[in-house]
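Written out below as structure tokens is the structure these notes cover.
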There are 2 protein chains.
Amino acid sequence: MKKAKISHNVILRLPRYLRFLEDLKDSSVVRISSGELGRLMGITASQIRQDFSCFGEFGQQGYGYNVEMLMKEIGEILGIDKGRTAIVIGTGNLGRAIIGKFPFDSFGVTLTGIFDVAPDLVGSDVFGRTVRHSDTIEDFVRENNTDIAILTMPGSFAKTVAGRLSDAGIKGIWNFTHADLKSTGNVRVQSVHFSDSLLVLNYYLSNENLEEPDKN
Amino acid sequence: MKKAKISHNVILRLPRYLRFLEDLKDSSVVRISSGELGRLMGITASQIRQDFSCFGEFGQQGYGYNVEMLMKEIGEILGIDKGRTAIVIGTGNLGRAIIGKFPFDSFGVTLTGIFDVAPDLVGSDVFGRTVRHSDTIEDFVRENNTDIAILTMPGSFAKTVAGRLSDAGIKGIWNFTHADLKSTGNVRVQSVHFSDSLLVLNYYLSNENLEEPDKN
DNA sequence: TAGATTGTTAATCGATTAACAATC
DNA sequence: TAGATTGTTAATCGATTAACAATC
């Protein structure tokens with residue numbers, strides 16, 4: 001039964017469910033109960049059932065959940081079926097890591113363009129794609145109805161570029177730079193701040209006895 | 001006044017405080033009140049004062065907080081002063097991005113070695129460092145008292161390598177692979193799962209009206 | 001059928017916010 | 001001093017967990 005408001009915490013947990021279900025599928029597991037999955041993930045069966053019940057009834061009494069079916073449902077909740085388009089801005093090592101290795105297909109996202117400003121990179125080939133000049137980002141976004149911009153250029157340019165992208169009608173920004181970009185009414189931002197994660201790790205290195213919930 | 005138990009949520013917020021304080025410092029702001037900082041970060045002044053009060057009394061009535069002093073305090077809580085050592089395993093594009101660009105110094109971490117298995121990479125120079133063969137990781141970790149291993153190799157090897165690192169006495173793993181590694185009694189794991197973040201962004205692209213708390 | 005496990009309601013727990021005396 | 005703002009206690013709110021009837 002659909003509930004009105006879905007909490008951010010629930011959304012944050014969905015990708016993790018998906019990863020564990022992927023593993024189960026790879027191990028040829030067909031069905032799983034909330035109890036088993038909870039043990040595997042280090043969370044309670046109650047939480048799992050609560051989370052899923054925000055979106056519908058995916059299980060069956062006495063049986064549990066069908067792994068593939070559940071993956072499909074969660075994938076749809078997360079919009080994998082929306083077929084979003086994305087561009088990468090910045091073709092340094094991080095940009096290349098993403099362009100070359102990130103499994104966009106698995107998430108229904110298509111990489112449609114890659115951009116940089118360095119004269120020796122513009123026009124060159126990176127993993128089979130031609131690097132475009134960043135001056136042409138706005139035109140490209142408008143002409144190709146681009147959903148997501150992936151920022152991997154130096155952080156000092158991020159705010160300016162984000163503004164240009166917003167003006168050009170981008171819908172989401174996946175921010176890998178140090179810059180603190182904020183979601184607005186028009187543009188959603190999700191940031192991957194490497195340093196945040198390292199600092200949390202660093203904290204727990206010196207505070208070993210404290211409990212740290214599994215969020216990985 | 002030190003409280004017994006510090007919640008994980010508080011720890012997760014500390015790096016974000018640090019980032020905003022960094023920005024303030026860069027803008028030559030000397031003092032800030034919880035009210036101002038809260039407005040800036042999109043959280044309540046109450047939460048800020050509660051968070052800080054877990055660790056001590058960093059402010060002054062009628063004045064607020066001294067930006068630099070507060071940064072120093074939070075840095076110490078996060079163990080920046082511990083002088084940790086780290087190695088990078090995997091010198092592909094992601095490894096290189098981290099080796100070349102990540103500001104380890106700012107976090108009191110020293111990069112002491114980089115590793116790969118590819119014959120054409122072992123022995124070569126990456127940002128002024130010589131790539132060592134991954135077979136020598138255990139010896140290196142033992143001999144150099146290494147705190148943190150940064151995993152950027154293909155995910156299929158991650159579990160094996162993590163086990164070897166654990167046996168060799170590593171204290172923390174900063175995991176960039178797809179693998180679901182778990183913290184144990186001996187080894188802390190913090191993972192950066194790019195895909196989790198993209199999926200959350202993707203979700204909010206299709207659910208624009210829902211509120212999404214600022215966590216960036 | 002009997003056993004297992006769901007979806008959901010109620011109870012608990014913890015985290016966030018509000019309020020305010022203390023004090024710079 | 002008067003105004004501002006802290007640290008902290010109390011109140012509220014929301015999230016997690018427990019319990020259980022429904023049912024496969």
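Here is how names work: the chains are called A, B, and so on, in the same order as the sequence lines, proteins then strands, and each is numbered from 1. All values reported here derive from a predicted model rather than from experimental measurement.
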Inset, instruction - Quick one: do A/His8 and B/Tyr204 satisfy ring pair (Phe, Tyr, Trp, His ring centres under 6.0 Å)? Show the steps, please. - result: CA-CA 10 Å; A/His8 189 57; B/Tyr204 283 111; 5.6 Å; yes

Inset, instruction - Would you mind telling me which of B/Phe52, B/Tyr17, B/Phe20 makes a ring-ring contact (aromatic ring centres under 6.0 Å, His included) with B/Tyr65? - result: B/Phe52

Inset, instruction - Round to the nearest Å and state the distance from B/Lys5 atom NZ to C/dG14 atom P. - result: 8 Å

Legend entry - Under 4.0 angstrom between A/Ser34 side-chain N/O and C/dT5 OP1 or OP2: no

Inset, instruction - Taking the six-membered ring for Trp and the single ring otherwise, decide whether the centroids of A/Phe102 and B/His178 are under 6.0 Å apart. - result: no

Legend entry - Interatomic distance where CG belongs to A/Asn66 and P belongs to C/dA4 [whole Å]: 21 Å

Inset, instruction - Compare the minimum distances between each of D/dT17, D/dC24, D/dT6 and the side chain of A/Gln61, then state the nucleotide with the smallest one. - result: D/dC24

Inset, instruction - Take the protein atom CD of B/Gln50 and the nucleotide atom C1' of D/dC13, then report the distance between them rounded to whole Å. - result: 14 Å

Inset, instruction - Find which nucleotide of DNA chain D each of A/Gln60 and A/Val10 is nearest to by heavy atoms, and output the residue with the more 5' nucleotide. - result: A/Val10

Inset, instruction - Under 4.0 Å from any atom of DNA chain D, heavy atoms only: list the residues of residues 69-78 of chain B that qualify, in numerical order. - result: none

Legend entry - Bracket string, DNA chain D, 5' to 3' - pairs by Watson-Crick or G-U geometry under 3.5 Å, | interstrand: ..||||||||||||||||||||||

Inset, instruction - Give a yes-or-no answer on whether the side chains of B/Thr177 and B/Asn175 include a donor-acceptor pair shorter than 3.5 Å. - result: yes

Inset, instruction - Could you state the atom-to-atom distance from CD1 of A/Ile48 to P of C/dT5 in whole Å? - result: 13 Å

Inset, instruction - Can you tell me the distance, in whole Å, between the CZ atom of A/Arg13 and the C1' atom of D/dG14? - result: 12 Å

Inset, instruction - Nearest 0.5 Å please: distance from the CG atom of B/Asp196 over to the CG atom of B/Leu201. - result: 12.5 Å

Inset, instruction - Could you tell me whether B/Phe52 contacts a base, only the sugar-phosphate backbone, or nothing, with contacts defined as non-hydrogen atoms closer than 4.0 Å? - result: nothing

Legend entry - N/O (side chain, B/Tyr65) to phosphate O (OP1/OP2, D/dG7) under 4.0 Å: yes

Inset, instruction - Would you mind reading off the distance between B/His8 atom NE2 and C/dC13 atom C1', rounded to a whole angstrom? - result: 18 Å

Inset, instruction - Determine, for B/Phe127 and B/Arg96, whether the Lys NZ or Arg CZ falls below 6.0 Å from the six-membered ring centre while staying within 45 degrees of the axis. - result: no

Legend entry - Partner of A/Ser34 under side-chain hydrogen bond (donor to acceptor under 3.5 Å, both in side chains), chosen from A/Gln50, A/Gln47, A/Arg49: A/Arg49

Legend entry - Near-strand residues of residues 24-33 of chain B, defined as heavy-atom separation under 4.0 angstrom from DNA chain C: none

Inset, instruction - Look at all strands and tell whether A/Ser46 reaches a base, only sugar-phosphate, or nothing, counting heavy atoms closer than 4.0 Å. - result: base

Legend entry - N/O (side chain, A/Thr44) to phosphate O (OP1/OP2, D/dT16) under 4.0 Å: no

Legend entry - Gap between atoms CG and P, on A/Leu12 and D/dT16 respectively (whole Å): 10 Å

Inset, instruction - Rounded to the nearest angstrom, tell me the gap between atom CD1 in B/Ile43 and atom P in C/dA15. - result: 15 Å

Legend entry - Donor-acceptor contact below 3.5 Å, side chain A/Asn202 vs main chain B/Gly79: yes

Inset, instruction - Go through the steps for A/Ser206 and B/Arg84 under the test side-chain hydrogen bond (donor to acceptor under 3.5 Å, both in side chains), then give the verdict. - result: CA-CA 10 Å; A/Ser206 313; B/Arg84 300 292 182 180; 2.9 Å; yes

Inset, instruction - Among C/dT6, C/dC20, D/dA15, find the nucleotide with the atom closest to the side chain of A/Arg49. - result: C/dT6

Inset, instruction - Please lay out, stage by stage, how A/Lys72 and A/Glu76 fare under the test salt bridge (charged side-chain N to carboxylate O under 4.0 Å, His left out). - result: CA-CA 6 Å; A/Lys72 192 165 154 292; A/Glu76 276 175 24; 3.3 Å; yes

Legend entry - B/Arg188-B/Ser183 side chain donor-acceptor pair, cut-off 3.5 Å: no

Legend entry - Heavy-atom closest contact (B/Val192 atom, A/Ser197 atom, distance): CG2-OG, 3.4 Å

